[in-house]
Amino acid sequence: SLFIGSLGLFAVFSLAAGFSRTPIALDVLNGVMGLMSASAVPPAVGMLGVIYEKPSKRKNAAFACFSAGNPLGFIFGTIFSGVATQLFNWRASFWLLAIIYLVFTILAFFTMPVDDTDKQKFDGEAVKRFDILGTVLTVAGIGMFSAALSIGDNAPHGWKTSYVLAMLIIGILMMIGFVFWEHFFNYPLMPLGIWKDRDFSLVSHRFIFS
């Protein structure tokens with residue numbers, strides 16, 4: 001499955017990152033590792049939704065534990081990587097990550113339940129329903145906006161640097177364009193109607209301000 005494959009490939013690229021010889025190679029491999037990590041999230045959430053179909057306290061606890069994995073992973077990952085770096089070198093931190101992800105890949109292979117729900121066939125209709133423009137707008141928009149925020153302080157002329165301003169403005173315009181496009185597209189990537197759900201809106205705003 002996509003979940004198991006993403007975990008396994010993360011381990012492979014993390015192992016390769018430990019053998020990097022140039023900064024460019026290390027940056028590229030870290031970017032690919034980020035993609036593998038991100039690609040594991042949707043199937044994981046989907047699997048939890050399939051296992052816990054009906055609302056219940058157990059379902060709430062399961063999703064709460066899943067959500068807690070992000071901050072806990074960041075904290076313990078930083079600690080373990082720091083210890084590995086202090087004891088050996090920076091390469092050991094990537095090798096440690098590779099070992100951890102390999103273990104979880106094996107565990108997932110033997111413990112993940114089989115998803116026997118109906119799947120959308122990959123055909124012309126599926127391509128027609130896929131929100132290609134919405135995907136491009138949101139990925140490119142958030143990417144450029146985040147990149148501008150990250151490099152603004154270190155740019156040659158700070159926030160007045162031309163490419164920083166360009167990425168910031170274009171990123172904002174693309175995110176706004178994404179919202180308008182989702183309003184008119186028949187099969188939106190993010191149906192705007194979900195914001196009418198009170199609980200979803202409250203949780204989303206809490207995440208934004210936290």
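Nothing fancy with the numbering, it's 1 onward along the sequence.
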Do I142 and I132 sit in the same hydrophobic cluster, where Ile, Leu, Val, Met, Phe, Trp and Tyr count as joined when their side-chain heavy atoms come under 4.5 Å apart?
-> no
Apply side chain to side chain contact (heavy atoms under 4.5 Å, CB included) to K54 and K59, showing your working.
-> CA-CA 8 Å; K54 299 180 180 180; K59 180 177 182 178; over 6 Å; no
Do the side chains of I169 and M144 join up, straight or via other hydrophobic residues, at under 4.5 Å, putting them in one cluster?
-> no
Sole residue of F19, F88, W90 in ring-ring contact (aromatic ring centres under 6.0 Å, His included) with W95 = F19
Is the side chain of N30 donor-acceptor paired with the backbone N or O of L26 at a distance under 3.5 Å, no angle test?
-> yes
Can L15 be reached from L96 by stepping across I, L, V, M, F, W or Y side chains whose heavy atoms are under 4.5 Å apart?
-> no
Is there a path from I172 to I151 through hydrophobic residues (I, L, V, M, F, W, Y) whose side chains come within less than 4.5 Å of each other?
-> yes
Output yes when a side-chain donor or acceptor of S39 lies under 3.5 Å from a complementary backbone atom of M36, and no otherwise.
-> yes
Is E182 close to D131 at the side-chain level, that is, under 4.5 Å between some pair of heavy atoms?
-> yes
Flag if over 12 foreign heavy atoms under 6.0 Å of CD1, I24 = no
Side-chain donor or acceptor of S37 paired with backbone N/O of M33 under 3.5 Å = no
Heavy-atom neighbours of Y163 OH exceed 12 at 6.0 Å | yes
Might you confirm whether atom CZ of F104 has over 12 heavy atoms from other residues, nucleotides or ligands at distances under 6.0 Å?
-> no
